[in-house]
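In what follows, a single structure is set out as C-alpha cells and then discussed.
Side chains are part of it too, since the values below use all heavy atoms of this structure and drop only hydrogens, waters and symmetry mates. Every value quoted in this text rests on a predicted model; they were computed, and no experiment measured them.
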Amino acid sequence: MKNIVETAIDAENFTTLVKAVQAAGLVDTLSGPGPFTVFAPTDAAFSKLPSGVLDSVLKDKEELTKILTYHVASGKYT
C-alpha cells in the first residue's frame, strides 16, 4: 500500500503540495505509519493564490509547516 506522499506524487495534480511537503521537511512524517487523512489542495487550487504568496510561504518553513499540518488529520476519514 502506498503512503500519502507516494499517492500524491502518482496522482500528478498535487505537484505543488509535494513541493511544499518537501520544503517543510514533512515527507518522513507523512510517509510513516498512519493512518492520516490529508485535505490536499490540488495544483489548480494553489494557482488561485495571489501572486507571490506561494513563493513567500515556501521560504518560511515554520509558517509552511503550520499551514500544512492544519490540513492533516490523524485517522482515516472518508
Side-chain angles (χ1 to χ4, degrees):
M1 179 184 282
K2 293 180 184 180
N3 63 46
I4 288 175
V5 176
E6 293 166 334
T7 301
I9 290 169
D10 288 349
E12 297 181 1
N13 62 338
F14 296 106
T15 58
T16 306
L17 177 64
V18 171
K19 180 179 175 181
V21 167
Q22 291 168 334
L26 294 173
V27 172
D28 288 342
T29 300
L30 293 176
S31 296
F36 302 109
T37 299
V38 176
F39 301 94
T42 62
D43 293 338
F46 279 108
S47 73
K48 295 183 184 214
L49 289 171
S51 179
V53 170
L54 181 59
D55 290 334
S56 176
V57 172
L58 287 173
K59 293 176 186 174
D60 185 345
K61 186 175 179 178
E62 184 178 335
E63 184 66 18
L64 178 61
T65 301
K66 284 196 303 191
I67 292 168
L68 289 173
T69 55
Y70 182 76
H71 288 83
V72 177
S74 184
K76 183 177 179 180
Y77 297 92
T78 56

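- Applying the side chain to side chain donor-acceptor pair (under 3.5 Å) definition to pairs two or more places apart or across chains, those involving residues 32-54 are T15-D43, T16-D43.
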For residues 65-78, please give each side-chain donor-acceptor pair under 3.5 Å, one per line with the distance, not counting sequence neighbours.
{"from": "T65", "atom 1": "OG1", "to": "K61", "atom 2": "O", "distance (Å)": "2.8"}
{"from": "T69", "atom 1": "OG1", "to": "T65", "atom 2": "O", "distance (Å)": "2.8"}
{"from": "T69", "atom 1": "OG1", "to": "K66", "atom 2": "O", "distance (Å)": "3.3"}
{"from": "H71", "atom 1": "ND1", "to": "I67", "atom 2": "O", "distance (Å)": "2.8"}

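- The two residues A40 and F14 make their nearest non-hydrogen contact at O-CE2, 3.5 Å.
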In residues 5-13, what donor-acceptor pairs under 3.5 Å come from side-chain atoms, sequence neighbours left out?
{"from": "E6", "atom 1": "OE1", "to": "N3", "atom 2": "N", "distance (Å)": "3.0"}
{"from": "T7", "atom 1": "OG1", "to": "N3", "atom 2": "O", "distance (Å)": "2.9"}
{"from": "D10", "atom 1": "OD2", "to": "K2", "atom 2": "NZ", "distance (Å)": "2.1"}

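- Considering every non-hydrogen atom in both L58 and A20, the closest pair reads CD2-CA, 3.7 Å.
- A distance-only check finds a donor-acceptor pair linking the side chain of S31 to the backbone of V27 [under 3.5 Å].
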